[in-house]
Amino acid sequence: MNLKKLFASALLTVGLCQSVFAKPVEIDKVVGIVNQGVILQSEVDTIINRVKAQAAEQGQELPSDDTLRIQAIERLVSQTLMMQLAERMGLEISDSQLDQTLENMAREQGGTIADLRRTIEAAGESFPAYREEIRKEITTQQVTRANVDRRIYISPQEIDNLLKIMETQGKNAEEYNIGHILIDIPSDATPDEIASAKTRADKVIEFLKEGKEFKRIAISSSSGSKALEGGQLGWMGINEMPSLFAEAVKGQKKDDIVGPLRSGAGFHIIKVQDVRGRQVVETTEVRSRHILIKPSIILSEEKAREMLKGFAKDLREGNADFAELAKEYSEDPGSALKGGEYDWTDPSTYVPEFKNTLLSLDKNEISEPFRTQFGWHIVQLLDKRVADKTELAKRNRAHQLLFNRKFKEESFNWQQEMREQAHVDIFPVE
């Protein structure tokens, strides 16, 4: 049985039993149903309180609690749908993988997990609850990646065309820090609903041109995935943006308002918050080799980690050969037959955990076992150099830019399709 449903049933039972003896005390309540799951008031309150705390730190004005409640519920609906899909897929984030992620987060902030815990608790939040929120974030990222990746196809011709554009742009390429507001339109919208959405979009543009704060309006009005972050999409090059945005934003100046731009999702409004030139710089490239062990029903997380820990010990003591171990045990089909070796590569193309571990090593040093979304690894840094981007690295970069653009588009489409197929019932405020 769904845990939230069980929790809700338990609350109801407590209430019925108490009604015989005393006035029941409300501990929590259900504010919405998503398929077989529920959304609780406490979950909505947690998100709202977090947004308010962040706004207070930044001196940012927020819209009404009713508006924040709507946005918080929408986020929880999306998260619940993805967690339900993760359960059907059998996707679970182990404690070891979660701990590895938290260690990386703490390291990026220049501290340890203990430091991270003190920071969270000093803000008045429960660290175990925060830990579970991170587990949910990792889960939703992996569910999204698993379902959206297969919808994306990038042809060699697309890469060739983009490479020509990138070569033409050269050192004069620019990046834009953009804010985004989406006034959504239902997939089966009537002409009157479309006209109404257009009117709302025009009104939003009018407010922005009058100097109203973009983040506040985004939180109040946007249906985009970054609404609660004030619609902040961050820095992007033209080639990373959805095609609709790229054509409209190119050449715009700081503080320009672009839109409304019509798509199947609705009307988009873009603010160019800043512009910066992209300079061609020398790139650090690394040559490395690794061994990947994937946990399974037969091989537990801990056994996979201990297995690699033993390999690392034998390698450091000179009692084993890295290439032979990789050929025999590594489950990375792309490198195992080559002794686990990767040729010269820009480390930014690797997943963050792999990249960060690799860049922390000295030449010929072997890492401790670490976890990524693919499994447990040990990696050895064979060499490092500073060089211009090779043709292969340029091609990888072009592929990644195209992938990022298509991923944003397909991710939104996929989530919209999932929402339309779900049973969602949000209860009105009493």
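Everything numeric in this text was worked out from a predicted model, so none of it was measured.
With respect to K338 and E341, no salt bridge is recorded, no charged nitrogen being found less than 4.0 Å from a carboxylate O. Under 4.0 Å is where a charged nitrogen must lie from a carboxylate oxygen, and between E193 and K198 no such pair does. Taking the charged nitrogens against the carboxylate oxygens, K164 and D160 have no contact shorter than 4.0 Å, which rules out a salt bridge.
Going from atom CZ of F214 over to atom CD1 of I270 covers 7.0 Å, rounded to the nearest 0.5 Å. Note: L292 CG to F354 CZ = 9.0 Å, rounded to the nearest 0.5 Å. Atom CD of residue Q141 and atom CE of residue M82 lie 9.5 Å apart, to the nearest 0.5 angstrom. The CZ atom of R131 sits 10.0 Å away from atom OG1 of T101, with the distance rounded to the nearest 0.5 Å. Atom CZ in R371 sits 11.5 Å away from atom CG in D95 (nearest 0.5 Å). Once rounded to the nearest 0.5 Å, the distance linking CG of L68 with CG of D45 reads 11.5 Å.
Checking L382, L359, D383 one by one against V286, the side-chain contact (heavy atoms from CB on, under 4.5 Å) holds for a single residue, L359. Checking each of Y350, Y342, F370 against H377 for a ring pair (Phe, Tyr, Trp, His ring centres under 6.0 Å) leaves exactly one that passes, namely F370. A side-chain contact (heavy atoms from CB on, under 4.5 Å) with I269 is found for one member of L261, V204, V258, I217 and no other, namely V204. Of the options E43, E229, E133, a salt bridge (charged side-chain N to carboxylate O under 4.0 Å, His left out) to R75 is made by E229 and by none of the others.
In this pair, H268 and F245 present their aromatic rings perpendicular. The plane angle is above 60°, beyond the 30 to 60° band.
With a 6.0 Å radius and a threshold of 12 heavy atoms from other residues, nucleotides or ligands, K226 has its NZ atom at or below the threshold. Applying the 6.0 Å contact sphere to CD of E92 captures no more than 12 heavy atoms from other residues, nucleotides or ligands.
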Exercise for the section: Check the pair E240 / K408 against salt bridge (charged side-chain N to carboxylate O under 4.0 Å, His left out), numbers first and verdict last. Expected result: CA-CA 9 Å; E240 293 176 277; K408 291 182 178 75; 5.6 Å; no
Practice task
Test salt bridge (charged side-chain N to carboxylate O under 4.0 Å, His left out) on R405 and E409 and set out the steps.
Solution key: CA-CA 7 Å; R405 174 197 292 177; E409 295 170 343; 5.6 Å; no
Practice task
Report the C-alpha distance between V249 and M236 in whole Å, list the side-chain angles of each, state the deciding distance to 0.1 Å, and finish with yes or no for side chain to side chain contact (heavy atoms under 4.5 Å, CB included).
Solution key: CA-CA 11 Å; V249 168; M236 279 191 272; over 6 Å; no
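One N or O on the side chain of T349 and one on the backbone of D346 form a donor-acceptor pair closer than 3.5 Å. Put simply, the side chain of D184 never gets that close to the backbone of G266: no donor and acceptor are under 3.5 Å apart. Judged by distance alone, with hydrogens and angles left aside, the side-chain atoms of N356 form no donor-acceptor pair with the main-chain N or O of E353 at under 3.5 Å. Under the 3.5 Å distance criterion, the side-chain polar atoms of R385 are left unmatched by any main-chain donor or acceptor of E285. Not one N or O on the side chain of K215 forms a donor-acceptor pair closer than 3.5 Å with the backbone of Q60. Not a single donor-acceptor pair under 3.5 Å links the side chain of E74 to the backbone N or O of S223.
For the residue pair V379 and S288, the shortest heavy atom distance occurs at CG2-CB, 4.1 Å. The two residues S330 and I291 have their closest heavy-atom pair at OG-CA, 3.8 Å. Of all heavy-atom pairs spanning L381 and K384, the tightest one is CD2-CE, 4.1 Å. The two atoms that bring R395 and P156 nearest to each other are NH2-O, 3.7 Å, heavy atoms only.
Side-chain atoms of N161 and Q157 form a donor-acceptor pair, as typed in the model, at a separation below 3.5 Å.
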